[in-house]
Amino acid sequence: QVQLVESGGGLVQPGGSLRLSCAASGTRLDYYTIGWFRQAPGKLREGVSYIRGTDGYTYYTDSVKGRFTISRVNAQSTVYLQMNSLKPEDTAVYYCATSPQRYASGSYYLLPGTYNSWGLGTQVTVSS
């Protein structure tokens with residue numbers, strides 16, 4: 001069974017950077033697509049980005065393009081989300097999750113329902 005643990009969240013000023021980590025155990029990353037999601041208070045969980053374990057294909061939601069970068073190190077079973085130029089509206093709990101679709105493509109795989117194993121999340125707060 002896949003177990004996921006997120007880390008790296010915290011408080012940062014607008015314009016700052018954070019790097020989130022998602023450590024997976026009980027599996028190999030190249031078996032899955034790994035996604036990052038976020039949920040702000042009172043809002044629905046939304047997809048931020050995902051990366052295919054097979055070939056490293058990546059996809060981003062429009063609001064983070066050019067600011068966030070997802071990457072993976074299969075040997076470490078870890079997926080990262082580098083977040084730069086952070087804005088107050090990026091404040092949320094960030095979650096990573098796995099999808100059994102190894103060849104995910106397009107915006108459909110930003111939907112939380114396409115993922116079936118989730119971590120507990122890490123809080124990101126962007127505030128001055």
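All values below were derived from every heavy atom in this structure, side-chain atoms included, with hydrogens, water molecules and symmetry-related copies excluded. This chain uses plain numbering: 1 for the first residue, then up along the sequence.
For residues 37-91, no residue pair satisfies the disulfide (SG to SG under 2.5 Å) rule, not counting sequence neighbours. Screening residues 31-78 for disulfide (SG to SG under 2.5 Å) gives no qualifying pairs among residues at least two apart or on separate chains. Applying the disulfide (SG to SG under 2.5 Å) test to every pair with at least one member in residues 26-75, sequence neighbours left out, gives no pairs at all. Sorted pairs that involve residues 99-128 and meet disulfide (SG to SG under 2.5 Å), not counting sequence neighbours, are lacking altogether. Sorted by first and then second residue, the pairs that involve residues 43-58 and meet salt bridge (Lys or Arg N to Asp or Glu O under 4.0 Å), not counting sequence neighbours, are Arg38-Glu46, Arg52-Asp55.
Between atom OH of residue Tyr60 and atom CZ of residue Arg67 there is a gap of 12.0 Å, rounded to the nearest 0.5 Å. To the nearest 0.5 Å, the span separating CD1 on Ile51 from CD1 on Ile34 amounts to 9.0 Å. One finds the OG atom of Ser77 at 10.5 Å from the CG atom of Leu4 (value rounded to the nearest 0.5 Å). Here the CD1-CH2 distance, from Ile70 to Trp36, works out to 8.0 Å after rounding to the nearest 0.5 Å.
In the hydrophobic clustering of ILVMFWY residues, with side-chain heavy atoms under 4.5 Å counting as a link, Val2 and Tyr94 come out together. Note: the hydrophobic cluster containing Val64 also contains Val126 (ILVMFWY, side chain heavy atoms under 4.5 Å, direct or indirect links). Linking Ile, Leu, Val, Met, Phe, Trp and Tyr residues whenever their side-chain heavy atoms come within less than 4.5 Å places Val48 and Tyr32 in a single cluster. Taking hydrophobic clusters as Ile, Leu, Val, Met, Phe, Trp and Tyr residues chained together by side-chain heavy-atom distances below 4.5 Å, Leu86 does not share a cluster with Phe37.
Taking every heavy atom of both residues into account, Arg72 and Leu29 meet most closely at CB-CD1, 4.5 Å. Smallest separation of non-hydrogen atoms from Ala40 and Ala92: N-CB, 3.8 Å.
For Arg102, there are no side-chain hydrogen bond (donor to acceptor under 3.5 Å, both in side chains) partners two or more places apart in sequence or in a different chain. For Phe68, there are no ring pair (Phe, Tyr, Trp, His ring centres under 6.0 Å) partners, not counting sequence neighbours.
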Side-chain donor-acceptor pairs under 3.5 Å in residues 104-119, sequence neighbours left out?
residue: Thr114; atom: OG1; partner: Leu111; partner atom: O; Å: 2.7
residue: Tyr115; atom: OH; partner: Tyr109; partner atom: O; Å: 2.8

Going by atom type alone, with no hydrogens or angles, which donor-acceptor pairs under 3.5 Å involve a side-chain atom of residues 12-28 and a protein atom two or more places apart or on another chain?
residue: Ser17; atom: OG; partner: Asn84; partner atom: OD1; Å: 2.9
residue: Arg28; atom: NE; partner: Asp30; partner atom: OD1; Å: 3.2
residue: Arg28; atom: NH2; partner: Asp30; partner atom: OD2; Å: 2.7

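Contact annotation: the side chain of Tyr57 approaches that of Tyr50 to within less than 4.5 Å [non-hydrogen atoms, C-beta and beyond].
Other residues sharing a hydrophobic cluster with Val5 under the 4.5 Å side-chain heavy-atom criterion for ILVMFWY residues do not exist; the residue is a singleton. Residue Val73 belongs to a hydrophobic cluster whose other members are Tyr80, with links defined by side-chain heavy atoms closer than 4.5 Å.
Atom CD of Gln3 sits in a sparse spot, with 12 or fewer heavy atoms from other residues, nucleotides or ligands closer than 6.0 Å.
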Run the numbers on Asp62 and Lys65 for salt bridge (Lys or Arg N to Asp or Glu O under 4.0 Å), then give the verdict. CA-CA 5 Å; Asp62 286 347; Lys65 285 179 181 176; 3.0 Å; yes

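In this structure a side-chain-to-backbone donor-acceptor pair under 3.5 Å is missing from Glu6 to Thr122.
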